[in-house]
Number of protein chains: 2
Amino acid sequence: MKLGVSPDIFPPRSHEAKRVSVVDAAASVFCRQGFAGANIDLIAAEAGVSRQTVYNHHRDKEKLFVAVVRDLTERCNAGIFATIATFPDQPGDIEADLIGFAVRMNRNCICNRDGRFLRKLIQAEGERYPELFAEWREQGPGRTWSALAARFARLAYAGHLSIDDPDVAARQFLALVNAELQITFMLGGVPTENEVLQSATNGVHTFLRAFSKRPSTASVKKQAALASA
Amino acid sequence: MKLGVSPDIFPPRSHEAKRVSVVDAAASVFCRQGFAGANIDLIAAEAGVSRQTVYNHHRDKEKLFVAVVRDLTERCNAGIFATIATFPDQPGDIEADLIGFAVRMNRNCICNRDGRFLRKLIQAEGERYPELFAEWREQGPGRTWSALAARFARLAYAGHLSIDDPDVAARQFLALVNAELQITFMLGGVPTENEVLQSATNGVHTFLRAFSKRPSTASVKKQAALASA
DNA sequence: ACAAATTTAGACACTCTTGTCTAAATCGTC
DNA sequence: GACGATTTAGACAAGAGTGTCTAAATTTGT
């Protein structure tokens, strides 16, 4: 067999494409079997390369693992910030808009392949690579919460919500819209589209019961403070 | 101390005591290293018994693992239901009482040794033992949520809260009071007493903003509509 | 088409782990 | 103190996995 006449196999892939194949396959195997249980032969087989190629690209199992986590972290963060960019700054129907945002967040960042894999690796191996996951913590949740808090602060400032502490509100928003998916996430499952929508709907409903603009001593004081500033 | 002639070592332990030692040590090692990475020699050493004793009590590694999970599940469930029994049915200061309940729940069931270990094992190995963890899901979260929902329903019926769906409210209560501890839990850490209190305080505060008895849902919706207009 | 770089299959040494086995030591109980 | 049950240390076989090495095949760039 000289040319791409390979009967029913995939056509040959470039150097870089193989690197990606290996990291992707490794992510899958590390997630299913854990670091200790992951088998380099299996990773190579799932990536469709020889074992030596795995060792050529990544010196050893540990460096491969680190590459996998960095890769997943980067892609997940990109997805999260792309989704935060769709936050409804000037909502028409604030309830519907926040539900839509929550569903996007779930679908594109938390329930997708990268999100599930990264979460699993953090849970399973987080304690063994403190510096690696500390880095993730700063770049990921840390910045996510800040960015989200800023958006909620803007909504509050524009008079759509009544929020004392935007950072707390941002974390509670995420907790509420995921409240009904926790167990599924814990067991590594993928919630259905309907479950995601249901949880987001219930969560946003409660969030707005707590934070929609309404007369209260706190908000009155805040407005007075803003007015006098 | 009648029999304790052992010079500076712990006194000899009974057959049953060794069984417990082994299961406890196994829980710790399985959590730190994962199932595949766990080493029977290490478990035996941490339990202070010989390796053969481990094999005498539990036929093999897999049966030992199952014994560990069943043990943790049982103890955790006992703790959870004992704590739910302290739910404030006739609250004096409902905010303070719910915060107290949330802190007890966290300290006695979620952050303690058994809770952390069980959570970790579920996350890491849940997919590999579907029937084992399906059992946990029914006996644990399933019954926890029902029991908690019943308590919230009673509070609502007694006029202390305004709740549409007690099941949803129960899940959201747990999500809110844990909102600020998620990342610590994910990385396997133990939040400080202060962090637990802070998260519970913020969570209960928001929960009560959403669910405390107030004029009527209709007027709130009206205000929300006005605010978004 | 040719040269350099990459990939492949396979063999290999080495380490680690599981689970078994044995004989001696220790324990619980009478 | 003596007996049966349990525990212990250690050796052991069998298997699996990592990481290296080599020579041949393939791909890529020019």
Side-chain angles (χ1 to χ4, degrees), chain A residues 1-26 28-68 124-125 128-129, chain B residues 1-26 28-68 125 128:
Chain A
M1 30 183 117
K2 30 178 75 172
L3 292 179
V5 196
S6 324
D8 52 346
I9 316 288
F10 297 100
R13 298 153 301 163
S14 74
H15 187 67
E16 262 318 302
K18 294 205 176 185
R19 176 175 224 103
V20 173
S21 278
V22 170
V23 173
D24 282 355
S28 167
V29 175
F30 279 134
C31 281
R32 292 203 310 270
Q33 322 268 19
F35 178 81
N39 177 309
I40 304 275
D41 286 344
L42 182 57
I43 291 172
E46 289 201 12
V49 303
S50 76
R51 178 174 39 164
Q52 187 60 49
T53 298
V54 176
Y55 284 103
N56 286 346
H57 284 272
H58 312 275
R59 186 173 311 283
D60 57 29
K61 197 181 182 181
E62 190 146 326
K63 291 198 179 50
L64 174 57
F65 180 80
V66 171
V68 166
E125 316 289 346
R128 200 168 335 166
Y129 296 86
Chain B
M1 299 256 187
K2 32 181 79 164
L3 318 165
V5 193
S6 323
D8 53 345
I9 316 288
F10 297 102
R13 299 153 299 162
S14 73
H15 187 67
E16 262 319 301
K18 294 206 176 185
R19 176 174 224 105
V20 173
S21 279
V22 170
V23 173
D24 282 355
S28 168
V29 174
F30 279 135
C31 282
R32 293 203 309 271
Q33 322 269 18
F35 178 81
N39 179 310
I40 304 274
D41 285 345
L42 182 57
I43 291 172
E46 290 202 10
V49 303
S50 76
R51 178 175 38 168
Q52 187 59 50
T53 297
V54 176
Y55 284 104
N56 286 345
H57 283 273
H58 312 274
R59 186 173 310 285
D60 57 30
K61 195 181 184 182
E62 189 147 327
K63 291 197 179 50
L64 174 57
F65 180 80
V66 171
V68 166
E125 315 289 346
R128 200 166 334 160

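In what follows, chains are A, B, ... by sequence order, proteins preceding strands, each numbered from 1. Remember, predicted model here, so these are calculated numbers, not experimental data.
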Query raised in the report: Taking CD from A:Glu16 and C1' from C:dT7, how many angstroms apart are they, rounded to a whole number?
Result: 15 Å
Report task. Scan residues 58-66 of chain B against DNA chain C and write down, sorted by residue number, each residue with any heavy atom closer than 4.0 Å; if none is found, say none. Result -> B:Asp60, B:Lys61
Query raised in the report: Atom CG of A:Asn39 and atom C1' of C:dC16: how far apart are they, to the nearest Å?
Result: 14 Å
Report task. May I have the distance from A:Tyr55 (atom OH) to D:dC21 (atom C1'), rounded to whole angstrom? Result -> 13 Å
Requested in this report: Find out whether A:Phe30 and A:Glu125 are in side-chain contact, i.e. whether some heavy atom of one side chain is under 4.5 Å from a heavy atom of the other.
Outcome: no
Query raised in the report: Closest approach of B:Leu64 and B:Val54, non-hydrogen atoms and distance?
Result: CD2-CG1, 4.1 Å
**Report entry** Close side-chain approach of A:His57 and A:Val49, heavy atoms under 4.5 Å
**Finding:** no
Query raised in the report: At their closest point, which heavy atom of A:Ala38 faces which heavy atom of A:Gln33, and how far apart are they?
Result: N-CB, 3.8 Å
Query raised in the report: Between B:Gly37 and A:Ala36, which heavy-atom pair has the shortest distance, and what is it?
Result: CA-CB, 3.4 Å
Query raised in the report: Where the side chain of B:Asn56 is defined as all heavy atoms beyond and including C-beta, which of C:dT18, D:dG17, D:dT7 is the nearest nucleotide?
Result: D:dT7
Query raised in the report: CZ/B:Arg19 to CG/B:Asn56 distance, rounded to the nearest 0.5 angstrom?
Result: 10.5 Å
**Report entry** Phosphate-side-chain proximity, B:His57 and D:dT6, N/O vs OP1/OP2 below 4.0 Å
**Finding:** no
Report task. Considering non-hydrogen atoms only, spot the tightest contact between A:Val22 and A:Ile43 and give its length. Result -> O-CG2, 4.1 Å
Requested in this report: Measure from the side-chain N and O atoms of A:Lys61 to the backbone N and O of A:Phe35, and report whether any donor-acceptor pair falls under 3.5 Å.
Outcome: yes
Report summary line: What residues 43-53 of chain A contributes to the DNA chain D interface at heavy-atom separation below 4.0 Å is A:Arg51, A:Gln52
Query raised in the report: OP1 or OP2 of D:dT26 sitting under 4.0 Å from any side-chain N/O of A:Lys18?
Result: no
